[in-house]
Number of protein chains: 2
Amino acid sequence: MSVSAKAFNALGDPTRRFIFEKLRDRPLAVVDIADGLPVSRPAVSQHLKVLKEAKLINLKIVGNKNIYEVNREGILAMRNYLDRFWSEALDNFKKLAEQTEKENKQE
Amino acid sequence: MSVSAKAFNALGDPTRRFIFEKLRDRPLAVVDIADGLPVSRPAVSQHLKVLKEAKLINLKIVGNKNIYEVNREGILAMRNYLDRFWSEALDNFKKLAEQTEKENKQE
DNA sequence: ACTTACGGTAAGTTTATACTTACGGATAAA
DNA sequence: TTTATCCGTAAGTATAAACTTACCGTAAGT
């Protein structure tokens, strides 16, 4: 599974998007991330694992605290996927247009 | 629910990503999209509905055929979300750094 | 040393969602 | 004007994934 696929999957869940956006403001320890969320702390841990494997966040262990912060890598992977997707779609669109034009002249 | 949230949710599913990428090559009717996929045609219809509501594809009805094609709007919504996300994360990072510096001088 | 705070993982439950079959309406072909 | 093709929706099922409680190890305070 590619990084971008993992990232899309990770951000597909609203709770994970919420956590991700919380970390946009500042790096936070797990308890602080869980604070205010309507789910248990272990649930948050599981979400963090998914976000981390998608390279959307990374971990810094400081003493007994696990500090998570946003990671650009996953963001870039998605961005690149989208940019490439659209440029390829445009290319294909042009090719199809040319082909259709040829077929029309033949008739 | 915002367009970008819907789009992330839509591309979170591997079958929908597959369909989306199939439509990148060319616009296709529903039967042609379903052809080769390991799921039933109604399942494909349901996926198409989700992708359509996320503005990732749109529909052109031609006779009795429903032709789906990629739509840039959903793609742009995600791209904008990611770009803004990262620039805001950078801003916050700078502010935090300045604040930390001040606190260090005070001590 | 003891106690408290932090947080990951395991195991099981619940809920969401992806899927199926069955159906019906609309257009196109015979 | 039948008959076939196309495809959306409804209803129910099956599966995935989000969640819970319980537990344990580690680090930090007392």
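Letters A, B, ... mirror the listed sequences (proteins, then strands); counts begin at 1. Values in this document were obtained by computation on a predicted structure and should not be read as measured data. Computation of the quantities below employed the complete heavy-atom set of this structure, encompassing side-chain atoms and omitting hydrogens, waters and symmetry-equivalent molecules.
- Residues B:Glu21 and A:Tyr81 meet the side-chain proximity criterion, which asks for heavy atoms closer than 4.5 Å.
- Although no hydrogens or angles enter the test, the distance criterion places a donor-acceptor pair under 3.5 Å between the side chain of A:Lys22 and the main chain of A:Asp32.
- Of the two residues near DNA chain D, A:Gly63 and A:Val44, the one whose nearest nucleotide lies more 5' is A:Val44.
- Rounded to whole Å, the distance from CG on B:Asn64 to C1' on D:dC6 is 5 Å.
- Mapping A:Lys65 and A:Gln46 onto DNA chain C via the closest heavy atom, the residue that lands nearer the 5' end is A:Lys65.
- Between A:Ile61 atom CD1 and D:dA27 atom P there is a gap of 9 Å when expressed in whole angstrom units.
- If you check D:dA22, D:dG8, C:dG7 against the side chain of B:Arg41, the one that comes closest is D:dG8.
- Contact check for A:Ser4 versus A:Asn80: no side-chain heavy atoms found under the 4.5 Å cut-off.
- For the OP1/OP2 pair of C:dT20 and a distance below 4.0 Å, the side-chain nitrogens and oxygens of B:Ser40 include at least one atom meeting the criterion.
- C:dC19 and D:dG12 make up a base pair, with Watson-Crick or G-U wobble contacts both under 3.5 Å.
- Taking a pair to require two hydrogen-bonding distances under 3.5 Å in either a Watson-Crick or a G-U wobble arrangement, D:dC6 pairs with C:dG25.
- Side-chain N/O atoms of B:Asn66 include one lying less than 4.0 angstrom from OP1 or OP2 on D:dG8.
- OP1 or OP2 of D:dG8 sits under 4.0 Å from a side-chain N or O of B:Tyr68.
- Nucleic acid contact for A:Ala29: sugar-phosphate only, since backbone atoms but no base atoms lie under 4.0 Å from a heavy atom of the residue.
- Going from atom CD of B:Glu53 over to atom P of C:dT17 covers 13 Å, rounded to whole Å.
- Taking the side chain of B:Val39 as heavy atoms from C-beta on, and the options D:dA27, C:dC19, C:dT9, the nearest nucleotide is C:dC19.
- Regarding contacts with the backbone of C:dG7, every side-chain N or O of A:Ser45 stays at 4.0 angstrom or more from both OP1 and OP2.
- With rounding to whole Å, A:Leu48 atom CG is found 18 Å from D:dA17 atom P.
- The side chain of A:Ala43 approaches D:dT20 more closely than any other nucleotide in the set C:dT21, D:dA27, D:dT20.
- For the pair B:Lys49 NZ and D:dT9 P, the interatomic distance rounds to 5 Å; values are reported in whole Å.
- Residue order along DNA chain C, read from the 5' end via each residue's closest nucleotide, puts A:Asp32 first among B:Asp13 and A:Asp32.
- Distance from the side chain of A:Val30 is smallest for C:dG7 among the nucleotides D:dT5, C:dG7, D:dA22.
- Ring pair A:Phe85/B:Phe20 is parallel by interplanar angle, where below 30° counts as parallel and above 60° as perpendicular.
- Phosphate proximity of D:dA17 to A:His47: absent, as no side-chain N or O sits under 4.0 Å from OP1 or OP2.
- Between A:Arg16 and A:Val62, the residue whose closest nucleotide on DNA chain D is further toward the 5' end is A:Arg16.
- Side chains of A:Leu59 and A:Leu48 form no contact here, defined as non-hydrogen atoms less than 4.5 Å apart.
- Here the rule is side-chain contact (heavy atoms from CB on, under 4.5 Å) with A:Asn71, and of A:Asn58, A:Leu56, A:Leu51 only A:Asn58 fits it.
- With rounding to whole Å, B:Leu59 atom CG is found 11 Å from D:dT9 atom P.
- Between A:Thr15 and the phosphate of D:dA17, there is no side-chain N or O to OP1/OP2 separation shorter than 4.0 Å.
- The separation between A:Asp35 atom CG and C:dG7 atom C1' is 15 Å, rounded to whole Å.
- Atom P of nucleotide D:dT26 and atom CD1 of A:Ile67 are separated by 20 Å, given to the nearest angstrom.
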